Amino acid sequence: MSGRAQQSFYRVRTRAGWYVSVVAFGRCFQDRDGTPVLYSGIVVLESATSTNDNRRH
């Protein structure tokens, strides 16, 4: 069993003080009882996802 994949957008501040937009993709995997056992995900710059989408079209 597992939860649905999630996507969230955030604005974060870099060490240099600049704000950037990031996208987080993640999912929670659960055992048969519904207890979370594994969280898996990745965070990328939002501009990186836009660039990749444009390359496919």
Side-chain angles (χ1 to χ4, degrees):
M1 299 177 77
S2 62
R4 293 182 307 155
Q6 298 289 317
Q7 176 181 347
S8 299
F9 294 86
Y10 299 96
R11 188 177 138 206
V12 297
R13 194 171 84 174
T14 67
R15 289 182 185 178
W18 295 94
Y19 285 92
V20 296
S21 295
V22 298
V23 184
F25 301 92
R27 188 173 189 168
C28 173
F29 295 91
Q30 304 166 345
D31 65 13
R32 292 182 185 189
D33 297 324
T35 303
V37 293
L38 176 69
Y39 292 93
S40 178
I42 187 171
V43 177
V44 296
L45 285 173
E46 185 178 16
S47 60
T49 60
S50 298
T51 302
N52 289 337
D53 286 344
N54 290 335
R55 290 181 186 167
R56 285 188 275 171
H57 297 288

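This is a predicted model, so every value here is computed, not measured.
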Side-chain donor/acceptor pairs under 3.5 Å, residues 6-13, sequence neighbours excluded:
none

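For the side chain to side chain contact (heavy atoms under 4.5 Å, CB included) test, residues two or more places apart in sequence or in another chain that qualify with V43 are V22, A24.
Y39 and F29 are not part of a single hydrophobic cluster, where members link through side-chain heavy atoms under 4.5 Å apart.
For the pair D31 (side chain) and D33 (backbone), a donor-acceptor distance under 3.5 Å is present.
Between the SG atom in C28 and the CG atom in L38 there is a gap of 8.0 Å [rounded to 0.5 Å].
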